[in-house]
Number of protein chains: 2
Amino acid sequence: MNVGEVAALAGVTVRTLHHYDRIGLLSPSGRTPSGYRQYGPSDLDRLHQVLLYRELGFPLEEVATLLDDPSADPETHLRRQHRMLRDRLERTSAMVAAVEKEMEARNMGISLTPEERFEVFGEQDPAQYDAEVSQRWGETDAYKQSKRKTAAYTKDDWVRIKAEGAQLEARFAAALRSGAAPDSDEAMDLAEEHRQSITRNYYDCPPEMHVGLGRMYVEDERFTAHYEKIAPGLARYVSTAVQANATRQG
Amino acid sequence: MNVGEVAALAGVTVRTLHHYDRIGLLSPSGRTPSGYRQYGPSDLDRLHQVLLYRELGFPLEEVATLLDDPSADPETHLRRQHRMLRDRLERTSAMVAAVEKEMEARNMGISLTPEERFEVFGEQDPAQYDAEVSQRWGETDAYKQSKRKTAAYTKDDWVRIKAEGAQLEARFAAALRSGAAPDSDEAMDLAEEHRQSITRNYYDCPPEMHVGLGRMYVEDERFTAHYEKIAPGLARYVSTAVQANATRQG
DNA sequence: GTCCCGCCTGACGCCACGTCAGGGTCAAGG
DNA sequence: CCTTGACCCTGACGTGGCGTCAGGCGGGAC
């Protein structure tokens, strides 16, 4: 793909891609003989990450160091992005609430105190995550070692986590074959186990979010295919069990 | 208040306030004999608006024209801010969902198409609101007249809307005095009427949001006072009725 | 009086691009 | 085969929204 196509796809300008090339943040993996930039799939991956981090307010230089850090795998980035996006969601809804409060106050002829109206503009600090951890732990050797260790851990655990997932899927399939209803205790318990394993291994996944994942298993053909390959009807079975489990909990 | 205090309150730097003064976006209403900037309550109001619009991505120059537009009263700004913040909320949760999808995909060894991953970065365009209406209506005289008319309307209707609100509150008070339970049909109907009047006159207010407002009536002392002045116990009565109505609808 | 903090006004710097300028490239159509 | 128009290239300068000194005045606590 050449610049124009990538730009259109990603919703940025050509100039932006030129800029990212110049500062070494994202250089296309190839060039045509005539000098045209040629972007490959891996470049798109990287661009995606760049745009996410940019959206989250990181300066480009920091984005580069984040993405070039060899001790940080894609999962690390996704988890960080997820956490920051959820923070932002919270902050935005606080602002929505503040504006609603102000509207209602005006509606009733009440006026709010300045402190109140400004409180939503408090600390945000985009780079607080690195800063925070550096401040708390210092850039000591212990901290660095722990960081390396965690990175190593993740790689070691990777196989185990994958196996754990596969085993759960197998147990789901067994339940399906045994004729247990998707809203039976057995299926719901499996769903709950699934949710908890996500929370343990990846990110905090409350039942509500879990239901969203479940929906995706039947709505997105590739996720569906993944389950159907294990046992026919499994995608819908898991999805229903997840939903039943969430209802049971709520 | 002098710069430092305002800066601390609003969570911005002194330099920022200097800048806003220089470009004429926010000049303090007074100066001490020695030249110190003196900010009054109205300056804080304006600063609040400025920060909201800035947060929403408007360039400062546009913020100035928005806030200096004599045909736009505070309610107009609040409604616009509210709408844009809700848009942003939607967009952010879409991004959260996208990241979750990606995590889940990786978890299952599925890879997403580039289009899919970039789709959340589609159009956003901060100034789309003005642009949109200008494009659709053109900067014609008809458009300008309609704009003036709406502004005039709002001012004319203001009295009616206020009266409508007061009347509703009186009917709530009557219901309370008559001994009707807050979750009686009578009270819930009043609550529904309240919600619909907000939707008609101010902003779209689904039951869920309405419950939030109701909570505020008992949690914020000034809102409570407003209702208690009409009839003792009215704040909690209205709040409960609103919640009952939302439950009935949901 | 003096010490220190806070305020003032320039003036320069920086980031993430936007916006020309001047010129090569590529594919479709005449 | 040549033109035409859309697309690409590399400088180079401009811009918005401040950050960051530098040099100097104001003010109140001791």
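Numbered from 1 within each chain, the chains take letters A, B, ... in sequence-line order. Computed over heavy atoms, backbone and side chain alike; hydrogens, waters and symmetry mates excluded.
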**Q** Kindly write out the residues that satisfy side-chain contact (heavy atoms from CB on, under 4.5 Å) with B:Ser34, not counting sequence neighbours, or none if the list is empty.
**A** B:Thr32, B:Tyr36

**Q** Would you classify A:Thr13 as touching base, sugar-phosphate or nothing, given that sugar-phosphate means primed atoms plus P, OP1 and OP2, and contacts are heavy atoms under 4.0 Å?
**A** sugar-phosphate

**Q** Please figure out whether B:Asn2 or B:Arg15 has its closest DNA chain C nucleotide nearer the 5' end.
**A** B:Asn2

**Q** Which ones in residues 33-52 of chain B lie close to DNA chain D, meaning a heavy atom under 4.0 Å from one of its atoms?
**A** B:Ser34, B:Tyr36

**Q** Under the side-chain contact (heavy atoms from CB on, under 4.5 Å) test, which residues partner B:Ser93, sequence neighbours left out?
**A** A:Leu89

**Q** Hey, where on DNA chain D does chain B first and last touch, going 5' to 3'? Cut-off is any atom under 4.0 Å from a heavy atom.
**A** D:dG17 to D:dG27

**Q** If the condition is ring-ring contact (aromatic ring centres under 6.0 Å, His included), which residues does B:Tyr53 pass it with, not counting sequence neighbours?
**A** B:Phe58, B:His77

**Q** Near DNA chain C, which residues from residues 17-28 of chain A have a heavy atom under 4.0 Å away?
**A** A:His19, A:Tyr20

**Q** Which residues pass the salt bridge (charged side-chain N to carboxylate O under 4.0 Å, His left out) test with A:Arg15, not counting sequence neighbours?
**A** none

**Q** Please enumerate all residues that pass side-chain contact (heavy atoms from CB on, under 4.5 Å) together with A:Val242, with sequence neighbours excluded.
**A** A:Ala191, A:His210, A:Val238

**Q** Taking atom P of C:dC7 as reference, at what distance in whole Å does atom CZ of B:Arg31 sit?
**A** 12 Å

**Q** Applying side-chain contact (heavy atoms from CB on, under 4.5 Å), can you list everything that pairs with A:Ala98, at least two apart in sequence or on another chain?
**A** none

**Q** Using the test side chain to side chain donor-acceptor pair (under 3.5 Å), find all partners of B:His19 that sit at least two apart in sequence or belong to another chain.
**A** none

**Q** Got a sec, which pairs hit side-chain hydrogen bond (donor to acceptor under 3.5 Å, both in side chains) with one end in residues 1-14 of chain A, sequence neighbours left out?
**A** A:Thr13-A:Thr16

**Q** Is there a donor-acceptor contact under 3.5 Å linking the side chains of B:Arg46 and B:Tyr20?
**A** no

**Q** Excluding sequence neighbours, so at least two apart, what forms salt bridge (charged side-chain N to carboxylate O under 4.0 Å, His left out) with A:Asp45?
**A** B:Arg117

